[in-house]
2 protein chains.
Amino acid sequence: MIDPDSPVPLYRQVVNLIQEQIKSGELAPDRPVPSAARLVQEHGIARGTALKAIRMLVDEGFAYVVAGKGTYVKRKD
Amino acid sequence: MIDPDSPVPLYRQVVNLIQEQIKSGELAPDRPVPSAARLVQEHGIARGTALKAIRMLVDEGFAYVVAGKGTYVKRKD
DNA sequence: GGCGATTTGTGCGTATGTATC
DNA sequence: CGATACATACGCACAAATCGC
């Protein structure tokens, strides 16, 4: 899934992966997106990289954050 | 303020700018110096360059770092 | 109300690779 | 070749919010 040797940045690979899961319905609206800690242990990446990926999802309109709880899949408008 | 075309290195320009603000009192002792992230968005420079400027301020005795919090204006001895 | 666990946010330090001058 | 600059990535630390006990 995640290839450290790819020219594509790790955070971008993670973002793409999650976006695919959202589009396919694997991750439904208002369901939690994998937390930074989870992405770290699942993909062996740094927390900073995981946080960056999560923020990208929010910036790109795929998810929303609830302080102290987590990040969730955004509902279609 | 910051001129990319100047022969003076960007990190040096940033250092000079902040030193001026410290000397003029605009940035008081024990007050936070602009963070690397802030310098990035305000001057359109890279994080590495911003970090270098901050480190220079510390090296030159104008500021001190508090781990996990930030960089602050050094008090006069 | 307190305490600990979880999660996101923020901050600096450091290293590596690439590109430009 | 060396200095400068940018992008990516990892590590560690502190803060605030939420929740369960």
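Keep in mind the model is a prediction, meaning the values are calculated, not measured. Below, chains carry the letters A, B, ... as their sequence lines are ordered, and counting in each starts from 1.
Note on B:Met56 and B:Leu39: same hydrophobic cluster, where clusters join Ile, Leu, Val, Met, Phe, Trp and Tyr whose side-chain heavy atoms are under 4.5 Å apart, directly or indirectly. Note: the hydrophobic cluster containing B:Leu51 does not contain B:Val14 (ILVMFWY, side chain heavy atoms under 4.5 Å, direct or indirect links).
One N or O on the side chain of B:Gln13 and one on the backbone of B:Val8 form a donor-acceptor pair closer than 3.5 Å. Side-chain N or O atoms of A:Ser24 include one that pairs as donor or acceptor with a backbone N or O of A:Glu20 at under 3.5 Å.
Rounded to whole angstrom, the span from the CZ atom of B:Arg38 across to the P atom of C:dC12 amounts to 12 Å. When the P atom of D:dT8 is taken as reference, atom CG of A:Asp5 falls 17 Å away, rounded to whole Å. One interatomic measurement links the two molecules: CZ of A:Arg55 to C1' of C:dT10, which rounds to 8 Å at whole-angstrom precision. The distance from atom CD of A:Gln41 to atom C1' of C:dT6 is 13 Å, rounded to the nearest whole Å. Atom OH in A:Tyr64 sits about 14 Å away from atom P in C:dG9, given to the nearest Å. D:dC6 atom C1' lies 17 Å from atom NE2 of B:His43, rounded to whole Å. Distance, B:Met56 CE to D:dT4 C1': 12 Å, rounded to whole Å. Per the geometry, CG belonging to A:Leu57 stands 16 Å off P belonging to C:dT7, to the nearest Å.
Pairing of D:dC1, defined by two Watson-Crick or G-U wobble distances under 3.5 Å, is not identified with any nucleotide.
Within 6.0 Å of CZ on A:Arg38 lie no more than 12 heavy atoms contributed by other residues, nucleotides or ligands.
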TODO: Report, as a single string ordered 5' to 3', how protein heavy atoms within less than 4.0 Å touch nucleotides 10-21 of chain D: B base, S sugar-phosphate only, - not at all.
DONE: B--BB--BBS--
- [ ] Between protein and nucleotides 16-21 of chain C, map the contacts as a letter string: B base, S sugar-phosphate only, - none, heavy atoms under 4.0 Å, written 5' to 3'.
- [x] ------
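Out of D:dT4, C:dG11, D:dT8, the shortest distance to the side chain of B:Ala37 is found at C:dG11.
The shortest side-chain heavy-atom distance between B:Val66 and B:Tyr72 falls under the 4.5 Å cut-off. The shortest side-chain heavy-atom distance between A:Lys74 and A:Pro29 does not fall under the 4.5 Å cut-off.
Here A:Tyr11 pairs with nothing under the ring pair (Phe, Tyr, Trp, His ring centres under 6.0 Å) rule; sequence neighbours left out.
Heavy-atom nearest nucleotides on DNA chain D were determined for B:Gln13 and for A:Tyr11, and the one closer to the 5' end corresponds to B:Gln13.
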Open item on the list: side chain to side chain contact (heavy atoms under 4.5 Å, CB included) for A:Leu17 and A:His43? Distances and angles first, verdict last.
Closed with: CA-CA 11 Å; A:Leu17 186 64; A:His43 300 116; 3.6 Å; yes
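For the pair A:Ser35 and C:dT6, the criterion of a side-chain N or O lying under 4.0 Å from OP1 or OP2 is not met.
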